[in-house]
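One structure below.
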Amino acid sequence: MDQVFKALADQTRRRLLDRLHEHAGQTLGELCEHIDMTRQSVTQHLGVLEAANLVSTVRRGREKLHYLNPVPLHEVQERWIDKFERPRLRALSALRQRAEEAMTDKPNFVYVIYIRSTPEKVWDALTDADLTAAYWGHSNVSDWRPGSRWEHRRTDGSGIADVIGTVVESDRPARLVTTWAAPEDEGQEDKCTRVTYDIQPHADIVRLTVTHEDLPDEAALSDAASGWSAVLSNLKSLIETGSPLPQEPWLMPGR
């Protein structure tokens, strides 16, 4: 309990807990975006919170995701708040737990592909408007800075964007994270999905891992599975041979 009170005594650590309360499962980079201090300092504060068991972490590939652990706070409530408040607090705690569990029920899709290339060329293939038009049928358009808008525009000259979103992380040539939404759903966070591109070199090849999170249902998961496999196969062909596949793979019957 001493560690809990020590952790809560610092304003920055309370802000970190507030951030995790608003959005669970954030990386160190995401947490640093809203804290005016170095990554090393934020890491040290997170270490104090982890030691107090106020923050728990889960590894996902190269990332460490951070989650608020409300149990120590609940123990403080039970020890120092009037016993007649306990039933109400327990009901609220149970409601919150069910809500957090419901958030994790959304399906995710992960696709890994190996490409004979360099990380820089793979990054450019994902972000260059002309290159994406060549193998995706749409142009990805943005300045690719964190916080910037990006658009997945048709290549028919109409300028229509079928997907829009925000650049969450941009670390060329290793990692790119964006939100995805239909244009009519812009600004509605509950209708956004999230796509992460992790680019890892190994000698003369690159492992590209695409993670599509917070898909709304199993039908969307099925669409993502077929869509990403087609698009990334076309990307691989363009990089390794100079040309995309001779037919658009997403039009193949029986996908």
Side-chain angles (χ1 to χ4, degrees), residues 1-81 85-86 88-110 112 146-147 166-171 174-179 189-190 192-200 207 209-215:
M1 195 60 65
D2 289 342
Q3 289 180 306
V4 172
F5 283 111
K6 176 184 176 182
L8 294 175
D10 184 88
Q11 180 182 6
T12 297
R13 292 194 282 272
R14 294 195 298 271
R15 286 179 61 195
L16 288 169
L17 293 176
D18 287 339
R19 291 288 303 157
L20 293 175
H21 176 264
E22 293 168 3
H23 178 57
Q26 296 189 61
T27 63
L28 174 61
E30 291 170 331
L31 290 169
C32 287
E33 290 176 5
H34 302 276
I35 303 292
D36 187 19
M37 60 177 55
T38 65
R39 288 173 66 93
Q40 182 180 3
S41 296
V42 174
T43 299
Q44 291 173 347
H45 282 298
L46 288 171
V48 174
L49 292 170
E50 288 185 55
N53 202 28
L54 288 165
V55 168
S56 58
T57 60
V58 175
R59 283 283 182 184
R60 186 187 66 182
R62 297 164 55 196
E63 299 178 320
K64 180 191 282 188
L65 306 184
H66 299 81
Y67 295 85
L68 171 66
N69 180 18
V71 173
L73 298 176
H74 187 64
E75 291 174 350
V76 171
Q77 293 172 337
E78 286 197 324
R79 183 170 178 179
W80 279 285
I81 296 179
E85 288 290 310
R86 291 178 183 174
R88 182 175 67 87
L89 291 172
R90 285 173 178 160
L92 290 173
S93 178
L95 179 62
R96 175 181 174 177
Q97 182 178 357
R98 287 196 296 270
E100 290 177 344
E101 289 174 350
M103 289 177 63
T104 63
D105 286 342
K106 289 186 177 181
N108 300 330
F109 175 76
V110 180
V112 179
T166 300
V167 180
V168 179
E169 293 182 47
S170 183
D171 181 17
R175 179 177 169 83
L176 177 67
V177 182
T178 62
T179 62
E189 292 187 8
D190 60 324
C192 288
T193 62
R194 180 184 178 101
V195 173
T196 300
Y197 307 90
D198 286 307
I199 304 169
Q200 185 174 357
R207 180 174 66 196
T209 303
V210 177
T211 305
H212 201 155
E213 301 175 88
D214 298 330
L215 295 163

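A donor-acceptor pair under 3.5 Å is absent between the side-chain atoms of Asp198 and the main chain of Thr209, judged by distance alone. Arg13 contributes no side-chain N or O that, together with a main-chain N or O of Leu8, makes up a donor-acceptor pair within less than 3.5 Å.
Expressed to the nearest 0.5 Å, how far CG of Leu28 lies from CD of Glu33 amounts to 10.5 Å. Once rounded to the nearest 0.5 Å, the distance linking CG of Asn69 with CD of Glu50 reads 11.0 Å. To the nearest 0.5 Å, the span separating CD on Gln3 from CG on Asn53 amounts to 9.0 Å.
When all heavy atoms are compared, the tightest approach of Tyr67 to Leu20 is C-CD1, 4.2 Å. Residues Arg19 and Gln26 approach most closely at O-NE2, 3.0 Å, considering heavy atoms. Taking each heavy atom of Pro146 and Val168 in turn, the nearest pair found is CB-O, 3.9 Å. When all heavy atoms are compared, the tightest approach of Pro72 to Ala52 is CG-O, 3.9 Å. Minimum interatomic distance between Asp214 and Asn108 (heavy atoms only, all atoms of both residues): N-OD1, 2.9 Å.
His23 has its side chain out of reach of Glu189: every pair of non-hydrogen atoms, C-beta onward, lies at least 4.5 Å apart. Using a 4.5 Å heavy-atom threshold, the side chains of Leu17 and Val55 count as touching. Within the 4.5 Å cutoff, side-chain heavy atoms of Ile35 are placed close to those of Arg15. With contacts defined as side-chain heavy-atom distances shorter than 4.5 Å, the pair Val167/Leu176 qualifies. At a threshold of 4.5 Å between non-hydrogen side-chain atoms, the residues Glu213 and Thr211 count as touching. A 4.5 Å side-chain heavy-atom check between Val42 and Thr12 finds every atom pair outside the cut-off. Proximity of Gln44 to Gln40: side-chain heavy atoms (C-beta onward) are separated by under 4.5 Å at one or more points.
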- Is there a side-chain contact (heavy atoms from CB on, under 4.5 Å) between Leu65 and Thr27 once you walk through the steps? CA-CA 5 Å; Leu65 306 184; Thr27 63; 3.6 Å; yes
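For Thr193, the side-chain hydrogen bond (donor to acceptor under 3.5 Å, both in side chains) partners are His212, not counting sequence neighbours.
Atom CG of Asp36 has 12 or fewer heavy atoms from other residues, nucleotides or ligands within 6.0 Å.
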